[in-house]
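Any value given below was found using the heavy atoms of this structure, including those in side chains, with hydrogens, waters and symmetry copies removed. Position 1 is the first residue of the sequence; numbering continues from there. In this text the structure is predicted, and so the values were computed from the model without any measurement.
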Amino acid sequence: MITMLKKKSVSLLTLLFVMAVCFTSCRETNEEKAEDAIEEVEDGFEEAGEEVEDAAKDIEEELDGDTDDN
């Protein structure tokens, strides 16, 4: 009876350990995906900001050119 109880305890502990490893690896994967998504959004904002700056410079140059002509 004690041997059977030990086998069940070992099996249960092994199962719990495997489940803990699975949950941990899944959480890390989800965290990595979230971090990657955040980095992509940050990159997108940086690119959009650069485009806005470039457009503002182009407009400023055009306005300066129009003012110099008059």
Check your understanding: Remaining members of V41's ILVMFWY cluster at a side-chain heavy-atom cut-off under 4.5 Å?
Key -> F45
Review point. In Å and rounded to the nearest 0.5 Å, what is the CD to CD distance from E60 to E53?
Key: 12.0 Å
Point to revise | Connected-component partners of I38 among ILVMFWY, side-chain separation under 4.5 Å | key: none
